[in-house]
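Notes follow once the structure below has been shown.
Counting convention: from 1, in listed order, for ligands and their atoms alike. These numbers were taken from a predicted model, which means no experiment stands behind them.
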Amino acid sequence: MKKLNQMYEGKAKKVFATDDPNVVLVEYKDDATAFNGLKKGTIGGKGIINNRMSNYLMQMLEKNGVPTHYIEEISDRETLVKKVTIVPLEVIVRNVAAGSLSKRLGLPEGTPLRKTVLEYCYKNDELGDPMVNEYHIAAMGWADQPTMEKIASYALKINTLLCKYFKAVNVDLIDFKLEFGLTSDGELILADEISPDTCRFWDSTTHEKLDKDRFRRDLGGVEEAYQEISSRLMGE
Ligand code: TMP
Ligand code: ASP
């Protein structure tokens, strides 16, 4: 498949057209941002780790009945994926209080939640990705009711599968963010990425953070944390 013109450049990835109108090529960068782009930096090797980890996890999800955009990894930073129209929502799944939930509700980070929490944010950088509920989503026409039911059930299934995979390498999946898209046939599939940029991973024994919070909070050892979670999961 030919890599054609760049269609889009995001904070962590570039997207290129290919000679197949239903396929795009994603290229993962080492660039990192936080707080809606206010904090900028680079994390050496991040693009390679996120590409490989996201592809590894999406293949695992596919095998377990979750449709994803993954087609083929073509280099250490490049992957062919199905072209989708992104549902303009960040779907956040939480098992343990941390980050913005801890702030909003005054809960110490690490407080277990009695039930998995699903949250939706409207993807809009200018507005800072505001949290919305299903009424806002229906009222604005961002996704219809059957689509939202599928999104919620996929998100919970993905959570169960990911928790199991990470628990096996002594890591607690605290929370994570998903994005879904619709293919040209109208199929709802998982898109974007699953990586240390989009998840909180804590070592189950020491509670050490093995994710992008090390960058967001200037904790040091950022590259090492990405390497550690990658080698635990994929053994390299
Ligand atoms: P939060 O606690 O800051 O709301 O983040 C919840 C989860 O979502 C966390 O695992 C990090 C991830 N996340 C993203 O992937 N992108 C974002 O823009 C934000 C704010 C969070
Ligand atoms: N990447 C996002 C940004 O720059 C937020 C984050 O991951 O913290 O806004």
Open item on the list: For the backbone of D31 and the side chain of T42, can you confirm whether one donor and one acceptor N or O come within less than 3.5 Å of each other?
Closed with: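 Between the backbone of D31 and the side chain of T42 there is no qualifying donor-acceptor contact (under 3.5 Å).
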Task: Main-chain N/O of F35 paired with R216 side-chain donor or acceptor, under 3.5 Å - done: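 Side chain of R216 to backbone of F35, a donor-acceptor pair under 3.5 Å: no, none is there.
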Identify, for [atom], the protein heavy atom at the shortest distance, and state residue, atom and that distance.
{"atom": "atom 1 (P) of ligand 1", "result": "S100 OG, 3.4 Å"}
{"atom": "atom 8 (O) of ligand 2", "result": "R216 NE, 2.7 Å"}
{"atom": "atom 5 (O) of ligand 1", "result": "R200 NH1, 3.5 Å"}
{"atom": "atom 21 (C) of ligand 1", "result": "R216 NH2, 4.5 Å"}
{"atom": "atom 10 (O) of ligand 1", "result": "D175 OD1, 2.5 Å"}
{"atom": "atom 14 (C) of ligand 1", "result": "K177 CE, 3.6 Å"}
{"atom": "atom 7 (O) of ligand 2", "result": "K212 NZ, 2.8 Å"}

Task: Any protein heavy atom < 4.0 Å from atom 7 (C) of ligand 1 - done: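 Yes, at least one protein heavy atom sits under 4.0 Å from atom 7 (C) of ligand 1.
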Under 4.0 Å from a heavy atom of [X]: give me the atoms of ligand 1 that qualify, with their elements.
{"X": "C199", "value": "10 (O)"}
{"X": "F176", "value": "10 (O)"}
{"X": "G99", "value": "2 (O)"}

Output the distance between atom [atom1] ([X]) and atom [atom2] ([Y]), rounded to the nearest 0.5 Å.
{"X": "L219", "Y": "K209", "atom1": "CG", "atom2": "NZ", "answer": "7.0 Å"}
{"X": "F16", "Y": "Q6", "atom1": "CZ", "atom2": "CD", "answer": "4.5 Å"}
{"X": "D197", "Y": "I49", "atom1": "CG", "atom2": "CD1", "answer": "10.5 Å"}

Does [X] come within less than 4.0 angstrom of ligand 1, counting non-hydrogen atoms of the residue?
{"X": "E90", "value": "yes"}
{"X": "R94", "value": "yes"}
{"X": "D197", "value": "yes"}

TODO: Enumerate the atoms of ligand 2 whose separation from the nearest heavy atom of G37 is less than 4.0 angstrom.
DONE: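 With G37 as reference, the close atoms of ligand 2 come out as 3 (C), 4 (O), 9 (O).
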Open item on the list: Taking K82 first and then D20, would you say they form a salt bridge - that is, a charged N and a carboxylate O separated by under 4.0 Å?
Closed with: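 A salt bridge is absent here (no side-chain N lies under 4.0 Å from a carboxylate O).
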Open item on the list: Using 30° and 60° as the class boundaries, would you call the ring planes of Y122 and W142 parallel, tilted or perpendicular?
Closed with: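 Ring orientation, 0 to 90° scale: parallel.
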- [ ] Measure up the H207 and W202 rings against each other and bin them: parallel (under 30°), tilted (30 to 60°), perpendicular (over 60°).
- [x]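 Perpendicular, since the angle between the ring planes exceeds 60°.
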Open item on the list: Just to be sure I'm reading this right: ignoring hydrogens, which of D211, D31, T33 gets closest to atom 4 (O) of ligand 2? Compare them by their nearest heavy atoms.
Closed with: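 Shortest heavy-atom distance from atom 4 (O) of ligand 2: T33.
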- [ ] Could you check if a side-chain atom of F176 sits within less than 4.5 angstrom of a side-chain atom of V93, using non-hydrogen atoms only?
- [x]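 A side-chain contact exists here, since the closest heavy-atom pair is under 4.5 Å.
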Task: Side-chain heavy atoms of F180 within contact of I189, under 4.5 Å - done: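 Of all side-chain heavy-atom pairs linking I189 with F180, none is under 4.5 Å.
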